[in-house]
Amino acid sequence: MSSFKTLIRVQKWQLDEKRRALTELQNLEDRLRGEIDRLAEEMRAEQDTARNDFNASFTYAAFARGAMERRRRIDDSIRQVQEQIVAAAEQVAEAYQDLKRYELAEEERLKREREKQKHKEELMMDETALIGFRRRQEQDGTG
């Protein structure tokens, strides 16, 4: 097995790992956005309860402050994850470029090898034809 084949296999594995990591980060971002949606729904439900129940309206302010703080933390987390997603996407692109570079180098090596083999075959055929030609000339000259 050529060293390029080994490099290609390793590079494919690394590319797959980087793609998995990117997918995990994207899934995390989706979950965080889902948390924002659930928090917004929870806030609407609490607002409706506070409007309809005078006693609940006293506790709504504390709930709203806590919910806004949770929203801020989730937004911060989303920003951090988005930065990680950008970095991971760059790593995937880099790994893909490396893989393509190795694959092209392997293709070029195989092409050179095929050309070398073709040249050897042509030399053998030329030599065989030359031997046949000489034999015919010898037979014509002696016959």
To the nearest 0.5 Å, how far apart are [atom1] in [X] and [atom2] in [Y]?
| X | Y | atom1 | atom2 | value |
| --- | --- | --- | --- | --- |
| L99 | L104 | CG | CG | 9.5 Å |
| K18 | E90 | NZ | CD | 12.0 Å |
| M125 | K118 | CE | NZ | 11.5 Å |
| E24 | Q26 | CD | CD | 10.5 Å |
| T49 | F63 | OG1 | CZ | 9.5 Å |
| E106 | T6 | CD | OG1 | 9.5 Å |

Practice problem: Mind running side-chain contact (heavy atoms from CB on, under 4.5 Å) on L130 and R134 for me, showing each step along the way? | Solution: CA-CA 6 Å; L130 185 59; R134 285 183 185 156; 3.5 Å; yes

Self-check item: Chi angles and distances behind the salt bridge (Lys or Arg N to Asp or Glu O under 4.0 Å) call for E103, K100
Solution: CA-CA 5 Å; E103 287 176 341; K100 284 300 159 194; 2.7 Å; yes

Hey, are the side chains of [X] and [Y] touching, using non-hydrogen atoms and a 4.5 Å cut-off?
| X | Y | answer |
| --- | --- | --- |
| Y96 | Q11 | no |
| N27 | R31 | yes |
| D75 | I36 | yes |
| E41 | R44 | yes |
| E42 | R38 | no |
| K116 | H119 | no |
| R73 | E35 | no |

For the hydrophobic clusters of this structure (ILVMFWY residues joined by side-chain heavy atoms under 4.5 Å, transitively), does one cluster hold both [X] and [Y]?
| X | Y | answer |
| --- | --- | --- |
| L39 | Y60 | no |
| V86 | L15 | no |
| M43 | L32 | no |

If you measure from the Lys or Arg side-chain nitrogens to the Asp or Glu carboxylate oxygens, is any gap between [X] and [Y] under 4.0 Å?
| X | Y | result |
| --- | --- | --- |
| D30 | R33 | no |
| R135 | E138 | no |
| E113 | R109 | yes |
| D76 | R79 | yes |

Which heavy atom of [X] sits nearest a heavy atom of [Y], and at what distance?
| X | Y | answer |
| --- | --- | --- |
| F4 | Y102 | CD2-O, 4.1 Å |
| S57 | A50 | CB-O, 3.6 Å |
| L25 | A88 | CD1-CB, 3.9 Å |

Quiz item: Does atom CD of E127 have more than 12 heavy-atom neighbours, drawn from other residues, nucleotides or ligands, at distances under 6.0 Å?
Solution: no

Quiz item: Hey, which of R19, Q14, R20 is the one that makes side-chain hydrogen bond (donor to acceptor under 3.5 Å, both in side chains) with E17?
Solution: R20

